[in-house]
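To start, the structure itself, in structure tokens.
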Amino acid sequence: QGLERRLQRVPHWLGAAGPSPLVDMGTADLIDMKVTTKKSVGFYIRSAKSFLTGVETEGGEKKEAVDKLNISGLGEAINAAVAAAAVLEKEGLGTVSKVETSYPDMTTGGALRGCPRILITVEKK
């Protein structure tokens, strides 16, 4: 499967109001959640909890829990990514197994600049 097919919007039952963040639904045991500043920290915490615990939709459809969740954030969204991972670990839902930081080049206004990035891997307990 191509990446285009695997990228889906987070379902409305996760509490999203308006457009949802992109999530890579590539494999059943790994989800990539990209955190932005457009949603509240609480939204990302609820979403991350739902991915690790599994949920049932209003229509009765069950979404199974994943074994591993990658939470990534760029720039000002780093705080939300760290907060979501910290809550998962504090509440005993998962364990932070890897933290990776980088400073990739981003084009803004025609200029090439570095932007801080974090990738946190949380494994289900």
Do Leu88 and Leu69 have side chains that get closer than 4.5 Å, going by heavy atoms?
yes

To the nearest 0.5 Å, what is the distance between [atom1] ([X]) and [atom2] ([Y])?
{"X": "Glu89", "Y": "Ile120", "atom1": "CD", "atom2": "CD1", "result": "10.0 Å"}
{"X": "Lys34", "Y": "Ile71", "atom1": "NZ", "atom2": "CD1", "result": "12.5 Å"}
{"X": "Ser72", "Y": "Met33", "atom1": "OG", "atom2": "CE", "result": "8.5 Å"}
{"X": "Asn70", "Y": "Asp32", "atom1": "CG", "atom2": "CG", "result": "4.5 Å"}
{"X": "Leu93", "Y": "Lys49", "atom1": "CG", "atom2": "NZ", "result": "7.0 Å"}

Shortest non-hydrogen contact from [X] toward [Y]:
{"X": "Gly73", "Y": "Ile78", "result": "O-CG1, 3.6 Å"}
{"X": "Ala65", "Y": "Lys124", "result": "CB-NZ, 3.4 Å"}
{"X": "Ile118", "Y": "Ala81", "result": "CG2-CB, 4.1 Å"}

Is any side-chain N of the basic residue among Glu61 and Lys63 closer than 4.0 Å to the acidic one's carboxylate O?
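Looking at Glu61 and Lys63, the cut-off is met.
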
Spell out, yes or no, whether [X] and [Y] are grouped together once hydrophobic residues are joined by side-chain heavy atoms under 4.5 Å, including indirect joins.
{"X": "Val82", "Y": "Ile31", "answer": "yes"}
{"X": "Val87", "Y": "Val41", "answer": "yes"}
{"X": "Leu30", "Y": "Leu119", "answer": "no"}
{"X": "Val96", "Y": "Val66", "answer": "yes"}
{"X": "Phe51", "Y": "Ile45", "answer": "no"}

Would you say that more than 12 heavy atoms from the other residues, nucleotides or ligands in this model lie under 6.0 Å from the NZ of Lys68, or not?
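Atom NZ in Lys68 is not packed in, count stays at 12 or less.
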
Check this for me: Lys125, atom NZ, are more than 12 non-hydrogen atoms of other residues, nucleotides or ligands nearer than 6.0 Å?
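Atom NZ in Lys125 is packed in, count exceeds 12.
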
Hey, are Glu123 and Ser97 close enough side-chain-wise for a donor-acceptor pair under 3.5 Å?
yes

Identify each donor-acceptor pair in which a side-chain atom of residues 102-116 lies under 3.5 Å from a protein atom, sequence neighbours left out, and give them as a table.
none

